[in-house]
Structures are given as C-alpha cells and as structure tokens.
Amino acid sequence: MSENYSVGIDPSVLAKEPDEKWTDKYPDIDESRVSYESMTSPEFYELEREAVFRRSWLYAGRAEWVDRPGQFFTKEYEVLRNSIIVVHGHDGNVRAFYNVCPHRGNKLVWKDEPGEPIEGVCNRFYCKYHGLGYGTDGKLEVLTDRESWFGDQGTELALAEIPLASWNGFLFVNMNPGGPEQTLREFLGDYYWEGFGWPFEKLTERFVARGVTQCNWKGLMDAFNEIYHGVYVHKEAFPYLQKMDFDALQAMHVKTMALVGQHGFYISPRNPQGLFVTDIERISQCTGTGPQYPAAEDLTRLPPAANPIHTDDWGTSSHFIFPNIQIQFYYPNWYLVYQYWPLAYNRMRFEIDCHYQPSRNFSELISHYGHVATFWDAALQDINNLEATQKGLEMGVFQNWPLTDQELMIRGFHRQIYHHVTRYREERNLDGAAIGPERH
Ligand code: FES
Ligand SMILES: [Fe+2]
C-alpha cells in the first residue's frame with residue numbers, strides 16, 4: 001500500500017483498531033446526545049439562513065455548463081430569497097450576477113415560470129419588463145426610452161456581481177453582504193483544495209433529479225452521511241441485500257471516515273458477497289451502484305483526497321462539503337452531486353446530478369438510464385423515509401438523540417451548524433435560549 005494522502009489532516013484519524021472508536025480520534029467531540037432543535041424550530045431556521053447560508057460559499061454548478069462565450073445558467077437560492085445568473089462572458093470571463101434588473105427589480109432571466117432555473121446561450125440579457133439589455137459582462141448595452149432618463153441614471157445601470165470561484169470545475173458563489181469571510185480555498189481547506197484533482201470535466205453526460213420533500217434539509221444530509229441505514233431502507237432497490245446473511249449485513253462498516261475542518265468523508269466497502277444483478281440490470285449493463293461496461297477512460301482511480309488510504313475495494317467515497325452538498329464516487333466510473341436546499345424549517349428541495357462519460361453507443365446510454373432509474377428509486381426511499389423522521393422529530397417527545405460511532409459525520413455536521421448559529425447570535429447580541437450542539 002502506498003503512502004496515505006493526509007495533506008492538512010492528522011493521518012492517524014484514517015485508521016483505527018477494532019476496539020477503537022472513530023469518534024475518539026477527535027478530542028473536542030464527545031459522545032453526548034445531540035439536540036435536534038435545529039430541525040424543528042422555525043426560529044432556528046431563520047438564524048441558520050443568515051449564519052450558515054449567507055456566509056458560506058455555496059455550490060452553483062459545473063464549469064462545463066458555461067463552457068463557451070454566451071453560455072449561461074440560473075440558480076435559485078430560495079433560502080436566501082434570491083437567484084443568480086452564471087455566465088461565460090464574451091470577454092472570456094465567467095461571472096455570477098444577481099438575477100435582478102437594476103431598473104425596477106424585475107427578475108431578469110427566466111422563461112415560463114419565474115421560480116424555475118433555466119440555461120441557454122445568448123449575446124445579452126433583455127429584461128422582459130421595459131426591454132433594457134445587459135451584456136454578458138453585466139454592463140448596460142441597450143437603453144430603451146432614451147430621452148426619459150435623468151442624467152446618467154439609465155446609462156450607468158449594471159448588474160450586481162457576486163464573488164465566484166472554481167474548485168476543480170465546481171463553481172461556488174458567496175453572497176455575504178460584506179464580501180466573503182474566507183477565500184474558497186480557505187473555506188475548503190488544504191486537504192480538499194490540493195487533493196481533489198480528477199477529470200470531472202470529461203463526465204459531461206448528466207441526469208438531473210429535482211424534488212421537494214417535507215423535511216428539514218439536514219435530514220437528508222444525515223441520511224447520506226452514514227451507510228448502515230442502507231440494509232434496512234434499501235432492501236427493495238438493492239435485492240442483493242435481501243440475500244445477505246445477518247452477519248454480513250452487520251459487517252457493513254465504513255473503511256475509513258474523517259472530519260476535515262467543516263467538511264468530511266467516509267469510504268464504504270464494496271459488497272463483500274459480490275454483485276447481484278436483476279434481469280433488467282443484466283440487460284442494461286448496470287447495477288444500483290453504476291454502469292458495468294468498460295469505460296472509455298478508466299476513472300476508477302480516485303483523487304487522493306477521495307481515497308486517502310489507497311484501498312482498492314472501495315465501494316463509495318462520499319464527501320460532504322459544508323454546508324449542503326455531497327460529492328460521491330461509486331466505483332464504476334461515475335460520480336454524483338447531491339444538493340440539499342432549505343425552503344423552510346421542515347421543507348426542502350433536493351437535487352441529484354449523476355455524471356457519466358458521454359455514451360458512445362445506444363447500449364451505454366441505456367445503461368445510464370437504467371442506472372439512474374435504480375439509483376433514484378433508492379434515493380426516493382431515503383427521502384420518503386425522512387418525511388417520517390421529520391414527523392417523529394416534531395412530536396417533541398424526545399429532545400436529544402444518541403448518535404453511534406458510525407454517525408460521526410452527522411455529529412460533526414450538526415456541531416458546525418450550531419457553531420455558526422451561536423457565533424451569529426453572539427455577534428448580534430440576540431436573545432434566545434442557550435443552544436449548543438449537545439444538551440442533556
Ligand atoms: S425592470 Fe427591467 S427594464 Fe424595467
Ligand atoms: Fe440511503
């Protein structure tokens with residue numbers, strides 16, 4: 001085994017003895033029960049919007065989506081009550097702007113439904129209200145009713161630009177009113193900044209699932225931050241789980257996990273009993289974990305930060321990037337991005353983007369379709385289950401919840417959320433009951 005990748009983290013956290021606990025590797029984290037007030041309180045949600053989402057770098061999309069001059073996409077951030085445009089300018093620069101016309105505040109770029117994101121290619125953006133036109137650099141280019149304006153008020157109009165930065169083609173924006181508190185590099189930390197190089201730009205075939213569900217956004221992050229619910233929740237989607245014996249199911253523990261600053265990851269093992277495929281999977285050359293044909297370019301070798309222990313039989317490598325996305329690799333040459341966007345304290349929008357290398361033929365395309373159908377089926381099981389979790393939490397019968405060692409990612413994630421909200425409250429001298437990551 002070659003040397004572990006451990007830029008910016010203590011390498012000793014990546015391995016443990018059988019009688020050790022992962023959680024013990026973090027001296028400032030204990031095993032106390034965790035308050036889930038953050039998932040049931042409307043007041044907490046209002047604080048979280050400002051303390052977490054207004055200040056963090058937020059995922060917008062991939063650089064390939066704005067590959068050439070004039071190409072753009074919009075992104076809705078309901079949690080901040082705004083929308084942005086990301087556009088590749090005709091001057092060659094990729095920029096982000098608030099999606100609002102500076103004349104009388106009409107939302108600038110939208111098609112049939114003002115709340116729906118769109119993408120396209122254009123020379124300039126025309127406002128639907130009074131016809132003003134803005135270049136892809138945000139400057140006013142077309143002024144209508146020219147004689148009626150006072151002084152330079154019309155000609156000086158320009159779109160409001162937002163800080164945008166790229167990390168391996170993942171585009172992030174920061175909407176903190178005073179500007180970003182950290183660069184994107186500082187926000188991600190050295191571990192991820194330096195160790196996540198991979199040909200993401202080659203996986204341009206994308207399948208998108210979007211939906212709204214009645215649970216707190218953190219609930220879905222929690223579900224995907226541990227693996228052991230899988231054998232109970234996903235028995236239907238993954239029939240091989242029904243064939244595994246109890247001991248094999250119980251042995252499905254992570255190979256490694258680590259908290260990395262505000263972020264973190266786990267690596268799950270490959271199914272120890274080999275692949276079980278259903279008839280439809282056999283026909284379409286896919287399984288629940290991905291396509292099974294030899295890929296055009298073999299990308300089973302992960303970026304160093306995604307497989308720091310250099311294990312060959314990784315099944316999933318799952319990375320939560322604070323506050324609300326996960327990037328996951330599954331061993332057969334594809335990756336996905338989960339996004340969890342809050343809409344209210346008990347309502348969220350999820351987005352799942354599955355990325356593949358472009359199909360070379362119809363068989364490969366069918367394989368991708370077959371795979372996303374299976375995969376989304378499993379995701380819907382998680383999401384459906386979470387509506388039940390939200391209802392359970394809102395009963396208020398239990399205030400604090402025990403988390404196991406397999407739930408370290410969840411513990412670390414909620415801790416960060418409480419940390420940011422507490423800091424925000426303290427800065428503003430806001431009253432309110434004492435909150436903390438752990439209460440007894
Ligand atoms: S609001 Fe956009 S042109 Fe008037
Ligand atoms: Fe799941």
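These numbers come from the heavy atoms of this one structure, side chains and all, not from hydrogens, waters or symmetry mates. Ligands are counted one by one from 1 in listed order, and the atoms in each one are counted from 1 as well.
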_With heavy-atom distances below 4.5 Å as the criterion, would you say the side chains of His371 and Ser284 are in contact?_
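Heavy-atom side-chain distance check fails, nothing below 4.5 Å.
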_Of the N, O or S atoms in His130, the one nearest atom 4 (Fe) of ligand 1_ =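 Atom name returned: ND1.
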*Which atom, counting only N, O or S, brings His103 closest to atom 4 (Fe) of ligand 1?*
ND1
*Considering only non-hydrogen protein atoms, determine which one is nearest to atom 1 (S) of ligand 1 and report residue, atom name and distance to 0.1 Å.*
Arg104 N, 3.3 Å
*Name of the Asp382 N, O or S atom nearest the Fe ion (ligand 2)?*
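Within Asp382, restricted to N, O or S, the Fe ion (ligand 2) is closest to atom OD1.
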[X] heavy atoms, cut-off 4.0 Å: which ligand 1 atoms fall inside?
X	result
Tyr129	1 (S), 4 (Fe)
Asn106	1 (S)
Cys101	1 (S), 2 (Fe), 3 (S)

*Could Lys75 and Glu119 be called an ion pair, given the rule that one side-chain N must be under 4.0 Å from one carboxylate O?*
no
_Looking at Arg206 and Glu351, is there a salt bridge between them, counting it only when a charged N and a carboxylate O are closer than 4.0 Å?_
no
*If you take all heavy atoms of Ala60 and Val173, which pair is closest and at what distance?*
CB-CG1, 4.4 Å
*Return the minimal non-hydrogen interatomic distance between Cys286 and Gly370, and the atom names on each side.*
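Looking at all heavy atoms of both residues, the closest pair is SG-C, 3.6 Å.
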*Short check: any N/O/S atom of Cys127 below 2.8 Å from atom 2 (Fe) of ligand 1?*
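Checking atom 2 (Fe) of ligand 1 against Cys127, an N, O or S atom does fall under 2.8 Å.
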*Where do Gln406 and His253 land on the side-chain hydrogen bond (donor to acceptor under 3.5 Å, both in side chains) test, with the steps shown first?*
CA-CA 8 Å; Gln406 290 212 49; His253 277 209; 2.9 Å; yes
